[in-house]
Amino acid sequence: MGLLKDWRDYAYGLDDRTPEGKQFWLNYFGVEKGIYEKLLADVTVVEKGTIKELADKYGTTVQLMTGFLDGIDDSLKESNKLDEVEDENAEMTIDIDPEKLYMNMVQCEAEWLYTLPQWDQIFDKDKQKELYLTEKKSRTIKKEGKIGRNDPCPCGSGKKYKKCCGKTA
């Protein structure tokens, strides 16, 4: 069984409405925030090491580091292919794409992450706002207006909708 499967089975198997589940996720989000604060201090630095080494460096467990690596994987320049990892000695590379990371944080509605002060050193406020709006608009679904009975038929016949395609048998 791989580390990623172990992480997902445990973490997503917890009910976040229970005291145990709430405590687990509060702890995880605190660890996650701490790691991001350090990583975002200089996004030009590429972190490398085994999962165990990275967990030790950031003062967390292998389990929580696996969860962190799972969460950040879509924001990296190259995936670590965590689903193929079997143990804590697998080599990982954390080479962040800052724009992807910021937009993924917005997508996940992780306000405690995309509002970290470290972002101000990476992007000015206008760029942050642009990325935020780009991400939010990419998820917006516009619903087409309903065709009224007396509107022209969308088939192009020139007839009213009620006398053409809207006709009931």
Side-chain angles (χ1 to χ4, degrees), residues 1-124 127-142:
M1 203 189 298
L3 285 178
L4 183 60
K5 183 174 180 346
D6 291 346
W7 158 256
R8 288 180 176 167
D9 286 350
Y10 180 75
Y12 300 127
L14 286 173
D15 184 346
D16 63 357
R17 295 170 295 185
T18 66
E20 178 190 15
K22 282 180 185 174
Q23 188 57 49
F24 174 82
W25 285 108
L26 280 173
N27 180 46
Y28 172 78
F29 292 139
V31 168
E32 178 186 48
K33 182 178 178 186
I35 295 172
Y36 276 122
E37 287 170 337
K38 292 174 185 170
L39 287 175
L40 294 174
D42 187 356
V43 292
T44 63
V45 173
V46 177
E47 289 286 342
K48 292 185 178 198
T50 66
I51 296 173
K52 174 73 172 129
E53 290 168 346
L54 291 170
D56 291 343
K57 179 176 183 171
Y58 290 102
T60 190
T61 64
V62 168
Q63 181 188 45
L64 293 183
M65 180 52 71
T66 301
F68 176 82
L69 291 167
D70 182 28
I72 197 173
D73 201 61
D74 288 341
S75 303
L76 301 177
K77 292 178 182 170
E78 192 172 321
S79 172
N80 281 307
K81 297 184 172 85
L82 265 172
D83 52 336
E84 299 172 8
V85 171
E86 290 298 320
D87 64 37
E88 64 189 29
N89 297 312
E91 286 289 325
M92 298 285 115
T93 301
I94 303 175
D95 189 6
I96 297 169
D97 179 328
E99 286 190 11
K100 274 168 94 174
L101 179 60
Y102 189 86
M103 290 173 68
N104 285 339
M105 288 175 171
V106 170
Q107 178 187 357
C108 294
E109 299 181 6
E111 187 174 351
W112 68 96
L113 297 177
Y114 68 77
T115 58
L116 287 171
Q118 288 81 351
W119 284 113
D120 296 339
Q121 310 306 315
I122 301 166
F123 302 124
D124 62 30
K127 182 66 174 179
Q128 289 177 49
K129 185 176 181 179
E130 175 193 329
L131 292 171
Y132 180 90
L133 291 174
T134 299
E135 176 54 38
K136 287 295 186 182
K137 286 179 183 174
S138 73
R139 305 283 177 229
T140 302
I141 299 171
K142 287 190 176 181

Checking side-chain contact (heavy atoms from CB on, under 4.5 Å) for the pair Ile122/Gln128: CA distance, chi angles, key distance, verdict?
CA-CA 9 Å; Ile122 301 166; Gln128 289 177 49; over 6 Å; no
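- Between the CD atom in Gln23 and the CG atom in Leu26 there is a gap of 6.0 Å [rounded to 0.5 Å].
- Legend: residues meeting ring pair (Phe, Tyr, Trp, His ring centres under 6.0 Å) with Tyr58, ordered by chain and number and at least two apart, are absent.
- With values rounded to the nearest 0.5 angstrom, Met65 atom CE is found 11.0 Å from Glu32 atom CD.
- Side-chain contact between Asn27 and Leu64 is present, with heavy atoms from C-beta onward closer than 4.5 Å.
- To the nearest 0.5 Å, atoms OG1 (Thr61) and CG (Asp56) are separated by 10.0 Å.
- Between Leu116 and Lys33 there is a side-chain heavy-atom pair separated by less than 4.5 Å.
- Here the closest heavy-atom approach between residue Met103 and residue Glu135 is recorded as O-CG, 3.4 Å.
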Candidate pair Val106 and Leu131, rule side-chain contact (heavy atoms from CB on, under 4.5 Å), full reasoning
CA-CA 9 Å; Val106 170; Leu131 292 171; over 6 Å; no
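- No side-chain donor-acceptor contact under 3.5 Å links Asp42 and Gln121.
- Between atom CG of residue Asn80 and atom CD1 of residue Ile51 there is a gap of 8.0 Å, rounded to the nearest 0.5 Å.
- When all heavy atoms are compared, the tightest approach of Gly49 to Leu54 is O-CD1, 3.9 Å.
- To the nearest 0.5 Å, atoms CG (Leu113) and CD (Glu37) are separated by 9.0 Å.
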side-chain contact (heavy atoms from CB on, under 4.5 Å), that's the test. Do Leu69 and Leu4 meet it? Break it down for me.
CA-CA 9 Å; Leu69 291 167; Leu4 183 60; over 6 Å; no
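- Side chains of Thr93 and Lys77 form no contact here, defined as non-hydrogen atoms less than 4.5 Å apart.
- With contacts defined as side-chain heavy-atom distances shorter than 4.5 Å, the pair Val85/Thr66 does not qualify.
- Across Asn104, Asp95, Asp97, a single residue satisfies side-chain hydrogen bond (donor to acceptor under 3.5 Å, both in side chains) together with Ser75, and that is Asn104.
- With rounding to the nearest 0.5 angstrom, the OG atom of Ser79 is 11.5 Å from the CD1 atom of Ile72.
- Between Leu82 and Met92, some side-chain heavy-atom pair lies under the 4.5 Å cut-off.
- At least one side-chain heavy atom of Lys127 sits less than 4.5 Å from a side-chain heavy atom of Glu99.
- Leu14 approaches Gly21 most closely through the heavy-atom pair CB-CA, 4.3 Å.
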Can you check side-chain contact (heavy atoms from CB on, under 4.5 Å) on Trp119 and Leu101, steps first, answer last?
CA-CA 11 Å; Trp119 284 113; Leu101 179 60; 4.0 Å; yes
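- You'll find the ring centres of Tyr28 and Trp7 inside the 6.0 Å limit.
- Between the side chain of Asp87 and the main chain of Leu3, no donor-acceptor pair closer than 3.5 Å is present.
- Side chains of Thr50 and Asn89: no donor on one and acceptor on the other come within 3.5 Å.
- What you find for Ala11 and Trp25 is that their closest heavy atoms are O-CZ2, 3.4 Å.
- Between Gln118 and Tyr36, every side-chain heavy-atom pair lies at or beyond the 4.5 Å cut-off.
- Between Tyr114 and Tyr132, the angle of the ring planes lies from 30° to 60°, which puts this pair in the tilted group.
- When side chains are defined from C-beta on, Val45 counts as touching Glu47, because their heavy atoms get closer than 4.5 Å.
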